[in-house]
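Data first, discussion second: the structure below is written as structure tokens.
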Protein chains: 6
Amino acid sequence: MKTAVYPGSFDPVTYGHIDIIDRASRLFDRVIVAVLNNPSKTPLFNTDERLDMLLTATREIKNVEVDCFSGLLIDYVEKKEATTVVKGLRAVSDFESELQMALMNRKLNRNVETIFMMTSSRYSFLSSSLVKEVAKLGGCVKDLVPEYVNDQLMKKFEKQF
Amino acid sequence: MKTAVYPGSFDPVTYGHIDIIDRASRLFDRVIVAVLNNPSKTPLFNTDERLDMLLTATREIKNVEVDCFSGLLIDYVEKKEATTVVKGLRAVSDFESELQMALMNRKLNRNVETIFMMTSSRYSFLSSSLVKEVAKLGGCVKDLVPEYVNDQLMKKFEKQF
Amino acid sequence: MKTAVYPGSFDPVTYGHIDIIDRASRLFDRVIVAVLNNPSKTPLFNTDERLDMLLTATREIKNVEVDCFSGLLIDYVEKKEATTVVKGLRAVSDFESELQMALMNRKLNRNVETIFMMTSSRYSFLSSSLVKEVAKLGGCVKDLVPEYVNDQLMKKFEKQF
Amino acid sequence: MKTAVYPGSFDPVTYGHIDIIDRASRLFDRVIVAVLNNPSKTPLFNTDERLDMLLTATREIKNVEVDCFSGLLIDYVEKKEATTVVKGLRAVSDFESELQMALMNRKLNRNVETIFMMTSSRYSFLSSSLVKEVAKLGGCVKDLVPEYVNDQLMKKFEKQF
Amino acid sequence: MKTAVYPGSFDPVTYGHIDIIDRASRLFDRVIVAVLNNPSKTPLFNTDERLDMLLTATREIKNVEVDCFSGLLIDYVEKKEATTVVKGLRAVSDFESELQMALMNRKLNRNVETIFMMTSSRYSFLSSSLVKEVAKLGGCVKDLVPEYVNDQLMKKFEKQF
Amino acid sequence: MKTAVYPGSFDPVTYGHIDIIDRASRLFDRVIVAVLNNPSKTPLFNTDERLDMLLTATREIKNVEVDCFSGLLIDYVEKKEATTVVKGLRAVSDFESELQMALMNRKLNRNVETIFMMTSSRYSFLSSSLVKEVAKLGGCVKDLVPEYVNDQLMKKFEKQF
């Protein structure tokens, strides 16, 4: 059974992520969407909230699991008996930093392979940080994130005012 | 009457910005230079100082106005009855993030068009942050910003010492 | 009256080009779509055929004219009493060569301004050469070019077999 | 059973290609290395020679087959009952054209997925055309291609003199 | 005697830096590795620690000196009677910001020349910040930095836990 | 004595090349400008004409020689007892192919070092092929090439008509 890990911050999950998850789920027997729990960053949503939104967003894709991890990605991949890391690429600037990470990860563990999938052109402009910025300023992001995520964003930013 | 908005931080305005403003003023009947008032950033110059420097720098270009805004750019553009956003491009890294912003803005409001103008090759290395960094370390930026801006930079950094 | 020239090979015109023409027609009083008649290249469609397809594709946009030119673009722009060149940008590789052309054209004539518009994300992968390649190999390009262009492509490639 | 197609010109196969083939063979149950038979190009090695070199280079990897195709890649992929196209990425310039091809192929057939693998950093400078150029000028390419390919290159260029 | 300055943060020095230092030492009569003492950043290692690691790492290259500086790079270069700044390039994103810096420095002082050397492909993924990130999470960086630097990293991160 | 080779097609030499030659002549004791005699390309000017224009353009820089070569660059560099190859970089697209060449050359001969110098921002849009294209169409290139080269271009294109 081939297992892939799709790591990220998912703060929050967008339709761009879901597009990659959906397509990865057809390539692999099992896809683990792994939320990075990075103590040195301050996300908008805490790990539980991010997991919750991801669970809601992916519940209809059978071979997808949602989990969180801290520490080195390759250690997590190994622990999960996965062999592949899936990353989405949108643009050239993604490409360079992702290439650097992929080469570093290969250096650290030759048995873990990173594959890249191109984000659908209709989501090529989409990122979690842009979604947060627009939502914070009162812009409509209904077409960019699932309804449940949209609701969470609205609650979060209402509280701030 | 065609109105364009040229948004930015202008912290402070440089000859690179003025080159774009001057050229945009020939393409449009009216150009609004719009200072972004972003509460989550700490600029070197406050909004009033930035407006003041822009006013001085553009007072000889008749169809140019200077203003500030907060919130979503497209909301501001609509309120001003403008139809076009003007951005300057210097380099590939500009290009990618600007493309992302332009596509997002089109998503939010199909009636607002973004156009890009190439920064003059003699200012291709110029940015407000580089100007601040050089001025802070005592380097001469006289050829890079108007005299009045140069004076303000010197005052600001004298105070810091 | 502000006139813009949108130059290109248009061999053949695609929905990507039409998207730019349509959006440019809202920014300018008059847009001249100018087919480059380059004797050192061998296009699939001759100049008359390319003009014919462009005319059909743009006949519903009132302030758009279709024309052809040879020689230097800036000479043509001046002859037409236009002040602006419009180019579409899809990707970073476009950006670099277009920047080079725009800077050269400014060098040759400071009065002609080049502006760039971002191609809609749904056409970001689209180019005339890719359309020809796919059509030649029997692939369906109905969603990528107007029906009339599709017919011309099919005729052209049928003849070749 | 998951089948992937790794298409290319392989004129000739290099250690960069073999690195990708080897790594892809661990991800998929079956990998078809598919030589593009493009009548409008004049390769150094004809299709039979290219197939021969690939067969020799990959004979020790069990789940790899070597084949050739003409026409649209996605038609070939479907005929082979494969679901995935594998491409190697070396650099930003690869990235852009590959992204364009991948998006076009998705447009033509939503069921075919393209995945990208990063070429090993030690082969990041390596391409078939650079190998041919160096070999033609008498440079040593022993570290860049398998011994058998090296022999074929030497034969080919001896004949030319 | 030609003197070059190789400036950087070196927080900490990696094999990528040492590769550049070693190669630069063959081009110039004297190479000064200059640690930037930037009060507005908080490095992992203080200036003394960074100088100490650099001294250990370069003690076998005769014409290399290690020093630190604050203020404008070009002022330091002039004070040292050097004429050349050496920078390493790994990737396109490096290239853009380095180009901007080099053009700004030429603007500030026409007598100081910047030259770029390509980082060895085996270190193309390597950066001080990636090394720190991996070491912090307990990954092995023995192949990426000298033994002494590895020891310092381990001490530093042990203290943090 | 440090010798550098600055290789290229120089078809014809432009002010961009001369800027690099001039700056390289200050870094090295001796600079050999080496015209590539590539039999598989058809230049506008033959090797003798290109050498002639380079000689005229560089006669006032004392430590510069002009020569031509065929075969592998690194073989020529070694024969000339040089240790360094100088290349000019204008843009990201230059960067990638030059990086590939530099890494290949290092692979072929570890003793030959490639260094890169940034083309002056005022010539960042300038290339021999663009100069030829503009001159062919009757555009003025007086500011882009030395007077003698301008005369040769005019003679060449007059003959063609």
Side-chain angles (χ1 to χ4, degrees), chain E residues 1-6 16 19-31 61 63 74 77-78 81-125, chain F residues 1-6 16 19-31 61 63 74 77-78 81-125:
Chain E
M1 194 181 71
K2 307 262 184 199
T3 302
V5 170
Y6 177 44
D19 175 52
I20 297 287
I21 294 168
D22 184 48
R23 286 153 59 197
S25 75
R26 294 174 204 180
L27 286 178
F28 295 92
D29 299 306
R30 182 182 167 221
V31 173
I61 320 178
N63 56 338
I74 50 145
V77 171
E78 227 173 15
E81 293 177 359
T83 51
T84 313
V85 171
V86 171
K87 305 297 296 266
L89 286 180
R90 277 165 316 181
V92 168
S93 43
D94 279 355
F95 171 79
E96 293 243 312
S97 55
E98 290 297 344
L99 172 59
Q100 204 188 30
M101 289 300 295
L103 292 174
M104 178 57 102
N105 282 333
R106 273 207 96 197
K107 179 84 198 160
L108 294 170
N109 186 336
R110 299 220 108 228
N111 296 320
V112 173
E113 187 63 64
T114 304
I115 66 161
F116 296 87
M117 299 174 81
M118 295 296 177
T119 300
S120 217
S121 61
R122 55 197 287 231
Y123 299 128
S124 63
F125 59 90
Chain F
M1 194 181 71
K2 306 263 185 200
T3 300
V5 170
Y6 177 43
D19 175 52
I20 297 288
I21 294 168
D22 184 47
R23 286 154 58 199
S25 76
R26 294 174 205 180
L27 285 178
F28 294 91
D29 300 304
R30 181 182 167 221
V31 173
I61 319 177
N63 56 338
I74 49 145
V77 172
E78 228 174 14
E81 293 177 358
T83 50
T84 314
V85 171
V86 171
K87 304 297 299 263
L89 285 181
R90 277 165 315 182
V92 168
S93 44
D94 280 357
F95 171 79
E96 292 244 311
S97 55
E98 291 297 343
L99 172 58
Q100 204 188 29
M101 288 300 294
L103 292 175
M104 178 57 102
N105 283 333
R106 274 208 96 196
K107 178 85 197 162
L108 294 171
N109 186 336
R110 299 218 109 227
N111 296 320
V112 174
E113 187 63 64
T114 304
I115 66 161
F116 296 87
M117 300 174 79
M118 296 296 177
T119 299
S120 218
S121 61
R122 55 197 287 231
Y123 299 129
S124 64
F125 60 90

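- Ranking F/M117, F/E113, F/K107 against chain E, the residue ahead of the rest is F/E113, based on heavy-atom pairs under 4.5 Å.
- How far CZ of E/R30 is from CD of E/E81: 8.0 Å, rounded to the nearest 0.5 Å.
- Interface check for chain E: of the options F/K87, F/R26, F/R23, the most heavy-atom pairs under 4.5 Å are formed by F/R23.
- Between chain F and the options E/V86, E/L27, E/T114, E/L89, the largest number of non-hydrogen pairs under 4.5 Å is found for E/L27.
- Formation of a donor-acceptor pair under 3.5 Å by the F/N63 side chain with backbone atoms of F/D29 is found in this model.
- With rounding to the nearest 0.5 angstrom, the CG atom of F/D22 is 10.5 Å from the OG atom of F/S120.
- Taking E/T84, E/L99, E/L103 one by one and counting their heavy-atom pairs under 4.5 Å with chain F, the maximum is reached by E/L99.
- In this structure, the portion of F/T119 lying under 4.5 Å from any heavy atom of chain E is its backbone and not its side chain.
- Pairing each heavy atom of E/A102 with each of E/F116, the nearest pair is CB-CZ, 3.9 Å.
- One finds the CZ atom of E/F125 at 11.0 Å from the CZ atom of E/R90 (value rounded to the nearest 0.5 Å).
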